[in-house]
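Right, one structure below, let's go through it.
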Amino acid sequence: MSRSCKVKTNQLQIGNFVRLPVSWKDHPFLFNSFRLKQEAQIELIKKLGIEYVFVDLDKSSAPPLGKEDAYDAPSFRDENDLTQLSQQMNQNKQERIEHLKKLRRDLKKTEQEFDRSVAMMRNLVAKLRNRPLNAISDAKELINSITEELLNSDNLVLHLMSDAKDSDGIYYHSLNVAVLSMMIAKELDWPREDIEAVGMGALFHDTGKLKIPPQLLRKKTPLTQPELNFIRQHPAMGIELLKLANNFPEDAAPIVRDHHEFLDGSGYPRGLKAEQISLPTQLVAAVNLYDQLCHPEGQVKARTPYAALGYLYKNYKERLNQEAIGKLIKMLGVYPPGSVVELSSGQYAMVMAVNLEKILFPRILVYDALVPKEQAPIVDLESEGLTIVRCIAPSALPEKIFKYLSPRERVSYFFGGDKKA
């Protein structure tokens, strides 16, 4: 538990981490809790007409002044300067609020596009057995639409999406792998036809699992060797299923068949080596494993996006395409969307979006107990002068912060961006 104390405003000094006991809308600061960096902030707090604030001693770089050292004389000689500063901060806060509303509108729009894509994915899988040609045509339409958006957007932003229902896991996983793989293919400057082939292969890479009983995939106890061998046949089952449709792209088929093969020959089902595995397949294999680490089936414990990237980087140097891993890390950033982090201010936050041009400065949703959850600031680290100190497991959060930030059980990504003129 953090140690905090109640102090009079004239005992404040630079370095104190304060919590203001007033409504968020009744002061000019962006947060209710923050570390004091300049005397002007102290004078503005005094002008709020409150007698005391709370100081978090553990997050402060200096203790409050003792009563004998407290002072009431303002540090600002010119009262007009302070008034102007307060007005400027209020104006900035209003602009931030409007910007926040725009961010939320953009996110809502992206979520709607993502939901439509998931619905299309669900429908095309349902058609695959009885109307396979229609299913592949629908998939091509979806992939074409995503490719069009990718190639005609500047300043791409990767957004964190809502949680998936358990029954929708395969659709979210397939779409996640497709979107991330296509984004990496774009970053690698692959031609449009290769980006679309990667998308089609990734979208259908796990269709063979439709032939595996769901209770076996969700089994919470260790799999027997025969069960494991059966599950490992799903790439071959997927290819057999797709043979029902003669319009499935030929250059996407190896992705479905070989997405569990490793460069050193330790993969399955055929134990292929690097030169036998196509580059698009190597790319999808890396992204697929990343998403599996975040959302494993059965009894395996899920890793956070941050931990999954680190695990891939450290443990798969000989088995996965390192250019693909490098691009995945660069694209998601050190702290991928969905990561729960502690900031240099001592606050907790969740990474909501990463701008591919500014991966070190993601957009974050910040916890502040006195700010309503629906108005919680989504801020740009760069503009706030904040940094991330560490990534933490959602399970380590206090319950009230967990409920406020609502970390996703399934981390799904989709992108948005500014259209080219």
Taking [X] for the side chain and [Y] for the main chain, is one N or O donor matched with an acceptor at less than 3.5 Å?
X      : Y      : answer
Gln347 : Asp368 : no
Asp264 : Ser266 : yes
Ser145 : Glu141 : no
Gln38  : Leu36  : no
Asn144 : Lys140 : no
Glu261 : Ala274 : no
Asn32  : Val22  : yes
Asn16  : Gln13  : yes
Lys59  : Gly346 : yes
Ser344 : Thr387 : yes

Beyond-backbone contact of [X] with [Y], side-chain heavy atoms, under 4.5 angstrom:
X      : Y      : result
Val55  : Phe17  : no
Asp258 : Pro235 : no
Ser339 : Thr304 : no
Asn123 : Asp138 : no
Tyr290 : Pro305 : yes
Asp26  : Leu48  : no
Leu223 : Leu216 : yes
Asp56  : Arg19  : no

Between [atom1] on residue [X] and [atom2] on residue [Y], distance to nearest 0.5 Å:
X      : Y      : atom1 : atom2 : result
Lys46  : Glu43  : NZ    : CD    : 4.5 Å
Arg122 : Ile170 : CZ    : CD1   : 12.0 Å
Leu309 : Met331 : CG    : CE    : 9.5 Å
Phe361 : Leu386 : CZ    : CG    : 10.5 Å
Leu188 : Ile184 : CG    : CD1   : 7.5 Å
Leu263 : Tyr316 : CG    : OH    : 12.0 Å

| said: Applying side-chain contact (heavy atoms from CB on, under 4.5 Å) to Gln282 and Gln322, what does each step give before you reach the verdict? | reply: CA-CA 10 Å; Gln282 292 180 29; Gln322 289 306 294; over 6 Å; no
| request: Give the C-alpha distance, both sets of side-chain angles, the deciding distance and a yes or no for side-chain contact (heavy atoms from CB on, under 4.5 Å) between Ile392 and Val341. | output: CA-CA 6 Å; Ile392 57 178; Val341 297; over 6 Å; no
Side chains of residues 243-256: which donor-acceptor partners sit under 3.5 Å, not counting sequence neighbours?
unit_1: Lys243; atom_1: NZ; unit_2: Glu240; atom_2: OE2; d: 3.1
unit_1: Asn247; atom_1: ND2; unit_2: Leu133; atom_2: O; d: 3.2

| query | Regarding Lys373 and Ser406, is there a side-chain donor-to-acceptor distance under 3.5 Å anywhere? | reply |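 The criterion, which ignores hydrogens and geometry beyond distance, is satisfied for Ser406 and Lys373.
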| request: Take Tyr404 and Tyr367, measure what ring pair (Phe, Tyr, Trp, His ring centres under 6.0 Å) needs, and give me the verdict at the end. | output: CA-CA 7 Å; Tyr404 189 100; Tyr367 168 75; 4.9 Å; yes
| Checking side-chain contact (heavy atoms from CB on, under 4.5 Å) against Ile146, which of Met183, Met182, Glu196 comes through? |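 Output: one option passes, namely Met182.
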| message | Name the residue from Val284, Leu312, Val177 that meets the side-chain contact (heavy atoms from CB on, under 4.5 Å) definition with Leu289. | response |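 The single option meeting the side-chain contact (heavy atoms from CB on, under 4.5 Å) with Leu289 is Leu312.
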| Lys317 to Tyr313, cation-pi by 6.0 Å centre distance and 45° axis angle |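 Here Lys317 passes the 6.0 Å and 45° test against Tyr313.
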Which pair of heavy atoms, one from [X] and one from [Y], lies closest together, and at what distance?
X      : Y      : result
Leu57  : Pro64  : CD2-CD, 3.8 Å
Ala286 : Ala324 : CB-CB, 4.2 Å
Lys186 : Ile195 : CA-CD1, 3.9 Å
Leu332 : Pro337 : O-CD, 3.9 Å
Ser174 : Met121 : CB-CE, 3.5 Å
Ile42  : Leu12  : CD1-O, 3.7 Å

| field | Glu399 and Lys403 ion-paired at < 4.0 Å | value |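 Lys403 and Glu399: salt-bridged.
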| field | Chi angles and distances behind the side-chain contact (heavy atoms from CB on, under 4.5 Å) call for Val18, Gln41 | value | CA-CA 11 Å; Val18 300; Gln41 291 174 308; over 6 Å; no
| Which of parallel (below 30°), tilted (30 to 60°) and perpendicular (above 60°) describes Phe114 and Tyr172? |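 Answer is perpendicular, since the angle exceeds 60°.
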| said: Using 30° and 60° as the class boundaries, would you call the ring planes of His27 and Phe29 parallel, tilted or perpendicular? | reply: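 Tilted, since the angle between the ring planes falls between 30° and 60°.
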| said: Could you go through Gln233 and Asn229, starting from their C-alpha distance and side-chain angles, then the distance that decides it, and tell me whether this counts as side chain to side chain donor-acceptor pair (under 3.5 Å)? | reply: CA-CA 7 Å; Gln233 290 305 309; Asn229 291 341; over 6 Å; no
[X] atom [atom1]: more than 12 heavy-atom contacts under 6.0 Å:
X      : atom1 : value
Gln276 : CD    : yes
Glu342 : CD    : yes
Tyr306 : OH    : no
Lys8   : NZ    : no
Glu227 : CD    : yes

| For Lys109 and Arg105, what are the C-alpha separation, side-chain angles and deciding distance, and is it a side-chain contact (heavy atoms from CB on, under 4.5 Å)? | CA-CA 6 Å; Lys109 181 182 175 186; Arg105 286 195 300 270; over 6 Å; no
Pairs of donor and acceptor atoms involving the side chains of residues 197-211, under 3.5 Å and at least two apart or interchain, shall be tabulated with distances.
unit_1: His205; atom_1: ND1; unit_2: Ala202; atom_2: O; d: 2.5
unit_1: His205; atom_1: NE2; unit_2: His173; atom_2: NE2; d: 3.0
unit_1: His205; atom_1: NE2; unit_2: Asn288; atom_2: OD1; d: 3.0
unit_1: Asp206; atom_1: OD1; unit_2: His234; atom_2: NE2; d: 3.2
unit_1: Asp206; atom_1: OD1; unit_2: His259; atom_2: NE2; d: 3.4
unit_1: Asp206; atom_1: OD2; unit_2: His173; atom_2: NE2; d: 3.3
unit_1: Thr207; atom_1: OG1; unit_2: Phe204; atom_2: O; d: 3.0
unit_1: Lys209; atom_1: NZ; unit_2: Glu297; atom_2: OE1; d: 3.3
unit_1: Lys209; atom_1: NZ; unit_2: Glu297; atom_2: OE2; d: 3.2

